[in-house]
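One is the number of the first residue; the rest follow in order along the sequence. Below, all heavy atoms of this structure are taken into account, side chains as well, without hydrogens, waters or symmetry copies.
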Amino acid sequence: MSADTPAGLRSAPFVALLAATVLAFGGYALLLPVVPVHAAAGGATPGAAGATTGVFMAATVAAQLTVPAVLRRVGPRAAMIAGVLAMGAPAVLLAATASLTVLFAVAVVRGLGFGLVTVTGAALVADLAPPARRGRAMGLYGVALGLPQLVLLSGGVWAYEVLGGAAVLLAGAALPLLASLACGRLPTRVVASPGDVAGGRTFPVTAALGPWTAMVVSAAAAGGVITLLPLWTPGTGSAAGLAGGTTTAAIALAVLTTGQLAGRGLAGELADRRTRAPAVAVGLVTGAGLVTVAAGAGVIALGGEGSGLVVLLGAALVGLGFGAVQSDTLLALFARAGPSRSGAASTWWNTGYDAGTGLGAAALAAVLGAAGAPTAFVVAAVACVLVLPVPLAAVLGRRSG
């Protein structure tokens, strides 16, 4: 990893990474569902409100593509500090206006910062953790980014309604700024492992395409569900849809995030217990995760209009499946890339995650406005089913080999 940093799950750099992740993702989670609600409160249509997330994620993906080069040039500490500052400072403007022009501009800058944070953080996990403990390290990292989402992804929507938009939006700006303090303990540079069998800095598209595709589709489905839940009742006239409005939406987001934590942790533990290299190919865990996401979206589509409890069940399934896909595909990419290419592997995974989230948010919000929420959730479920041949082919390929 770093010449001046000891590796391990209890080392100061790893603990600092977890602390910075909690704070940075706290700001991300707080604003992810709140910014579309803020836009809608300012008069934006559901499609335009969802597009704020799409713009944010598009900027995130654009930044992520540059991170491997940034890491080689300035190192992970500087990259993380720049990222959290870009996430936090411009977000202060959100408290002053709901203008779409400002919201889109802020989304671009915040997205660029988030791109730096996501790729650098995941790459540091792979580099700091011993290979035999990588699955558990990914699980801990998943908890660090999932816990703030558990509280703030749902709590932010509630707080926006109860406490007012300004307080929530300013809090979303402050949390990433605080993360810069923890970034001081991160390593200043990355040194490839002497035993790296992968060699080189390039990462073939053929090695990454399978896990990336599964990640994109599952993220689109889950990201769309996360965006739709707070918008469903106020934006479409479906007053019975959430059987309780904002409160049920907030609870559903918390349930979904809890499912993600469980799914990521379970998949990570399973990976460490395998006798072969963990998650060399996208396999049964990814396939099962996609089916679970599809089932959750389908449950919401078929029964959500009549029961808030059905919405919660569907949200739990979406989160559980999405969490499993996250861990399995990330471990697959790291196993294929080798130690010296952790930045490239992290870039592939994070672009899949964030491109999918942005695509799902924008596309399903548009479907929501045009055809209603049940149709939007059905689209999410069908997308997951259609991509199942990807992990199925990987499983069959391993068995034939």
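Residues Leu177 and Val84 have side chains not in contact (no heavy-atom distance under 4.5 Å, counting atoms from C-beta outward). For the pair Leu18/Val22, no side-chain contact is recorded, criterion being any heavy-atom separation below 4.5 Å from C-beta on. By the 4.5 Å heavy-atom criterion applied to side chains, Met87 and Val109 are not counted as neighbours. With a 4.5 Å cut-off on side-chain heavy atoms, Leu330 and Arg264 count as touching.
A donor-acceptor pair under 3.5 Å is formed between the side chain of Asn350 and the backbone N or O of Ser346. A donor-acceptor distance shorter than 3.5 angstrom exists from the side chain of Thr60 to the backbone of Gly111, with no hydrogens or angles considered. Between the side chain of Gln64 and the backbone N or O of Thr347, no donor-acceptor pair lies under 3.5 Å.
Of the options Leu388, Val285, Val390, a side chain to side chain contact (heavy atoms under 4.5 Å, CB included) to Leu290 is made by Leu388 and by none of the others.
Nearest heavy-atom pair across Arg110 and Gly27 is NH2-O, 4.0 Å. Shown here for Ala44 and Ala49, the closest heavy-atom pair between the two residues is CB-N, 4.2 Å. Closest approach of Leu364 and Gly224 over heavy atoms only: CD1-CA, 3.6 Å. Looking at every heavy atom in both residues, Gly115 comes nearest to Thr118 through O-OG1, 3.2 Å. A pairwise comparison of heavy atoms in Ala297 and Ala380 identifies CB-CB, 4.1 Å as the closest pair.
Sorted by first then second residue, the side chain to side chain donor-acceptor pair (under 3.5 Å) pairs that include residues 36-49, not counting sequence neighbours, are His38-Tyr160.
Taking the six-membered ring for Trp and thresholds of 30 and 60 degrees, Trp349 and Tyr353 have ring planes inclined between 30 and 60 degrees apart.
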Q.
For a side chain to side chain contact (heavy atoms under 4.5 Å, CB included) check, start with the C-alpha distance between Met138 and Leu331, then their side-chain angles and the critical distance, and finish with the verdict.
A. CA-CA 8 Å; Met138 289 299 170; Leu331 289 167; 3.8 Å; yes
Q: Please report the C-alpha distance between Leu31 and Leu169 in whole Å, then the side-chain angles of each, then the deciding distance to 0.1 Å, and finally whether the side chain to side chain contact (heavy atoms under 4.5 Å, CB included) criterion is met.
A: CA-CA 7 Å; Leu31 296 183; Leu169 294 166; 3.7 Å; yes
